[in-house]
Amino acid sequence: MQTIQSSPAPLLEYLVIHPIGVGHLMSKIQLKTFVQGIPVLSHLRVTSAMVPSLPCLDTLTAIHLAASDRRSITLADFSALSTSSPYLHTLAIYDNAICGPWPPEATVDFPSLHSLQIYGSFMSVSDLLRVVQAPLLEDLVIAPFAVNDLVDYREHISHSLPKFTGLRSITLSPVSTSGFAQLEEAAECFPTVELVMVPNIHADSFRDIFTGANADVVWPYLRALALRNVDCKSMEKLLSVVAFREAAGRPLETLYLDHYSIQRVFSMLPLLRQRLNVVEFDVWATLLDGDLLQDAAHFVGNDFDFGSY
């Protein structure tokens with residue numbers, strides 16, 4: 001740590017600082033790192049214990065923030081991080097790197113944020129969504145997606161101005177079959193979404209949510225689904241979702257499937273392509289390209305296989 005305190009880093013673009021077992025030490029010594037600055041740093045992977053030691057990050061575009069030694073950063077540290085990173089495009093938070101609850105009036109501004117990614121055992125999803133002000137946010141990831149993650153946020157937006165009105169893509173990974181019921185809650189919280197990605201779908205639960213007899217069209221602006229591990233049996237169930245939306249005047253346009261799924265449903269491709277575009281593209285794998293340590297790969301819930309149901 002003393003070495004990097006004064007080390008010049010004029011060409012450093014990607015940085016991973018992930019010390020273990022030093023959380024209590026960092027809180028005592030208040031050591032500042034890279035005091036000469038990191039003038040071209042764009043991607044940072046860091047633990048919560050290191051956040052108070054970081055220099056100004058005014059060139060940073062992506063940060064992956066992980067919990068360290070069960071120590072979370074404070075709201076003040078989180079706010080300072082946002083202030084020092086005005087051009088931050090992607091923020092990924094792992095486990096309880098930052099924890100609520102926070103005061104009702106608290107806000108943290110990320111004026112350039114386009115993608116917010118929440119992974120692991122993060123217990124303050126609603127609080128985070130409430131305090132973050134990100135007018136340009138287009139993409140949201142919650143993996144795994146737990147039953148109570150959006151309860152408080154849903155209540156908050158019921159008596160406040162709409163947030164994240166530019167959100168176009170959402171990735172949700174329910175941790176159980178019952179958790180799929182919360183997809184409808186997510187649709188109420190983020191109605192502008194056009195692409196839904198579910199890396200661990202359970203076909204029956206998914207169909208029931210999207211074709212429920214008592215429900216309106218879930219995500220009325222939805223144009224595309226991105227799914228994985230699909231077989232012919234489960235595809236038949238998903239076709240009922242396609243038909244339901246067509247009848248409601250809200251048709252799907254594109255279905256993204258990973259390579260394995262394309263192979264499994266190959267015999268159905270001519271029929272599928274009469275209804276919508278079928279594209280071989282694993283959105284989940286593409287999302288993980290920005291994860292330097294591939295930690296996010298572990299957060300896809302139970303990773304249900306359609307063929308088992």
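Residue numbers count from 1 along this sequence. Hydrogens, waters and symmetry mates are skipped; everything else that's a heavy atom, side chains included, is used. Given the structure is predicted, the values throughout are model-derived calculations rather than measurements.
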Heavy-atom closest contact (Arg130 atom, Pro104 atom, distance): NH1-O, 3.2 Å

Test item: side-chain donor near acceptor, Asp258 and Ser261, under 3.5 Å: yes

Ile118: which of Val141, Asp149, Leu128 passes side-chain contact (heavy atoms from CB on, under 4.5 Å): Leu128

Phe164 and Phe190 aromatic ring geometry - parallel, tilted or perpendicular at 30°/60° bounds: tilted

Side chain to side chain, Leu57 and Leu44, heavy atoms closer than 4.5 Å: yes

Check: Leu140 and Thr171 side chains under 4.5 Å, non-hydrogen atoms: no

Charged tip of Arg245 within 45° of Phe210 ring normal and under 6.0 Å: no

Test item: Thr83 side-chain N/O and Ser79 main-chain N/O as donor-acceptor pair under 3.5 Å: yes

Under-4.0 Å salt bridge between Asp204 and Lys237: yes

Pairs satisfying side-chain hydrogen bond (donor to acceptor under 3.5 Å, both in side chains), at least one member in residues 153-164, at least two apart: Arg154-Glu185, Arg154-Glu188

Centroid-centroid under 6.0 Å between Tyr87 and Phe110 rings: no

Side chains of Asn148 and Val125 in contact at under 4.5 Å (non-hydrogen atoms): no

Check: His43 side chain, Leu41 main-chain N or O, donor-acceptor pair, under 3.5 Å: no

Sub-4.5 Å side-chain heavy-atom contact between Ser48 and Ser72: no

Polar side chain donor-acceptor pair, Asp152 to Ser126, under 3.5 angstrom: no

Salt bridge present between Glu194 and Arg168 (N-O < 4.0 angstrom): yes

Heavy-atom donor-acceptor pair, Thr47 side chain to Ala66 backbone, under 3.5 Å: no

Beyond-backbone contact of Pro174 with Pro144, side-chain heavy atoms, under 4.5 angstrom: no

Side-chain (Thr192) to main-chain (Leu167) donor-acceptor, under 3.5 angstrom: yes

Side-chain donor/acceptor of Ser85 to backbone N/O of Leu60, under 3.5 Å: no

Flag side-chain contact, heavy atom, 4.5 Å: Trp219 against Ile170: yes

Non-hydrogen side-chain atoms of Thr90 and Gln117 separated by less than 4.5 Å: yes

No-hydrogen, no-angle side-chain donor-acceptor test under 3.5 Å, Ser121 and Asp95: yes

Six-ring centre of Tyr14, Arg45 cation under 6.0 angstrom, axis tolerance 45°: no

Derivation and outcome, salt bridge (charged side-chain N to carboxylate O under 4.0 Å, His left out), residues Arg228 and Asp282: CA-CA 7 Å; Arg228 301 167 73 239; Asp282 191 338; 3.5 Å; yes

Thr61 (side chain) donor-acceptor with Ser42 (main chain) under 3.5 angstrom: yes

Contact check, side chains of Leu81 and Ile63, non-hydrogen atoms, under 4.5 Å: yes

Exceeds 12 heavy-atom contacts within 6.0 angstrom, atom CE of Met123: no

